[in-house]
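Worth knowing before you read on, the calculation uses all heavy atoms, side chains too, and leaves out hydrogens, waters and symmetry mates. We count ligands from 1, going down the list as the structure has it; atoms in each ligand are counted the same way. Everything quoted here is computed from the prediction, not taken from an experiment.
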Amino acid sequence: MTRRGGLFITFEGTDGSGKTTQIRLLRERLMREGYEVVETAEPGGPPIGVQIRRILLDPANQELDPRAELLLYFASRAQNVAECIVPALKAGKVVVCDRFTDSTVVYQGAGRGLGQEVVEALHQVACGTLQPDITLYLDIDLETSLDRARQRNESQAGPAESRMDDQSVEFHRAVRDGYLKLAAREPGRVRVIDAGHDAATVEQAIWEQVAPLLETARVR
Ligand code: TYD
């Protein structure tokens, strides 16, 4: 791929891994250092993506077919790439995205058993050659992750977005295994961050991974 400007950072992790807090902390730090930051999320991002997100996470949609689910995640992503991510990178900004194709590799490819090949083929359609420059995978053990996700759903999100969190423990275990395999396959891009520590420690570990890239990337 020809070298483009900007820096594309993605965050991955199981539900309750602390991604939301760490994304906020990274964005604030980047802004303090003078970088222009665009934050986005999947499923979601631009308004069309947000509409697709509602279908995907609505617990009423129990009959959603795994292949329909897969295509909807990529529909949201294609829109986000075209409308938000690529224009921001072209403008030399730092893009921080909460989840990207790695989520589909592990949740639909591994978790739902649809396989990695189909996910990679759809990535080509939705994103072309676009890949993150760095992916921060926030690793946490299954028990802590499920506890935190349950608490969050009860206190904030309510039942409206719990469809994926409601999956079985086996599903969530397959997801974590999927992430660890992915990190072993692509150690250059996917960095495993131990998310079992306090937020400040995790923030520092993330910064140590991101800072060297900022020096070499063409970002403002
Ligand atoms: P969200 O509320 O954004 O959860 P989190 O804070 O954990 O990121 O919900 C996103 C859910 O969608 C989450 O359970 C993971 C799932 N997901 C997939 O299954 N495939 C995907 O490609 C993406 C992007 C997310």
Determine whether a donor-acceptor pair (N or O, by modelled atom type, separation under 3.5 Å) exists between the side chain of Asp133 and the backbone of Phe8.
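Answer holds: yes.
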Could you pull out all residues at least two apart from Arg112 that satisfy side chain to side chain donor-acceptor pair (under 3.5 Å)?
Glu69, Gln167
Any protein N/O atoms within less than 3.5 Å of an N/O atom in ligand 1? List the atom names and distances, or say none.
{"residue": "ligand 1", "atom": "2 (O)", "partner": "Arg53", "partner atom": "NH2", "Å": "2.9"}
{"residue": "ligand 1", "atom": "3 (O)", "partner": "Arg53", "partner atom": "NH1", "Å": "3.2"}
{"residue": "ligand 1", "atom": "3 (O)", "partner": "Arg53", "partner atom": "NH2", "Å": "3.4"}
{"residue": "ligand 1", "atom": "6 (O)", "partner": "Arg152", "partner atom": "NH1", "Å": "3.2"}
{"residue": "ligand 1", "atom": "7 (O)", "partner": "Asp15", "partner atom": "OD1", "Å": "2.8"}
{"residue": "ligand 1", "atom": "7 (O)", "partner": "Arg99", "partner atom": "NH2", "Å": "2.9"}
{"residue": "ligand 1", "atom": "8 (O)", "partner": "Lys19", "partner atom": "NZ", "Å": "2.6"}
{"residue": "ligand 1", "atom": "8 (O)", "partner": "Arg99", "partner atom": "NE", "Å": "2.6"}
{"residue": "ligand 1", "atom": "8 (O)", "partner": "Arg99", "partner atom": "NH2", "Å": "3.3"}
{"residue": "ligand 1", "atom": "12 (O)", "partner": "Tyr73", "partner atom": "OH", "Å": "2.9"}
{"residue": "ligand 1", "atom": "14 (O)", "partner": "Asp15", "partner atom": "OD1", "Å": "3.0"}
{"residue": "ligand 1", "atom": "17 (N)", "partner": "Tyr73", "partner atom": "OH", "Å": "3.3"}
{"residue": "ligand 1", "atom": "19 (O)", "partner": "Tyr73", "partner atom": "OH", "Å": "3.3"}
{"residue": "ligand 1", "atom": "19 (O)", "partner": "Gln108", "partner atom": "OE1", "Å": "3.4"}
{"residue": "ligand 1", "atom": "19 (O)", "partner": "Gln108", "partner atom": "NE2", "Å": "2.9"}
{"residue": "ligand 1", "atom": "20 (N)", "partner": "Gln108", "partner atom": "OE1", "Å": "2.8"}
{"residue": "ligand 1", "atom": "22 (O)", "partner": "Arg77", "partner atom": "NH2", "Å": "3.2"}
{"residue": "ligand 1", "atom": "22 (O)", "partner": "Thr104", "partner atom": "N", "Å": "3.4"}
{"residue": "ligand 1", "atom": "22 (O)", "partner": "Thr104", "partner atom": "OG1", "Å": "2.6"}

In this structure, which one of Leu130, Thr40, Ile9 forms a side-chain contact (heavy atoms from CB on, under 4.5 Å) with Phe100?
Leu130
Ring pair (Phe, Tyr, Trp, His ring centres under 6.0 Å) partners for Tyr137, two or more places apart
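With neighbours one apart ignored, the set is Tyr179.
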Which pairs with one or both residues in residues 43-57 pass salt bridge (Lys or Arg N to Asp or Glu O under 4.0 Å), sequence neighbours excluded?
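Applying salt bridge (Lys or Arg N to Asp or Glu O under 4.0 Å) to every pair that reaches into residues 43-57, excluding sequence neighbours, yields Arg53-Glu161.
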Could you grab the distance from atom CG of Leu214 to atom CD1 of Ile134, nearest 0.5 Å is fine?
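It is 9.5 Å, given to the nearest 0.5 Å.
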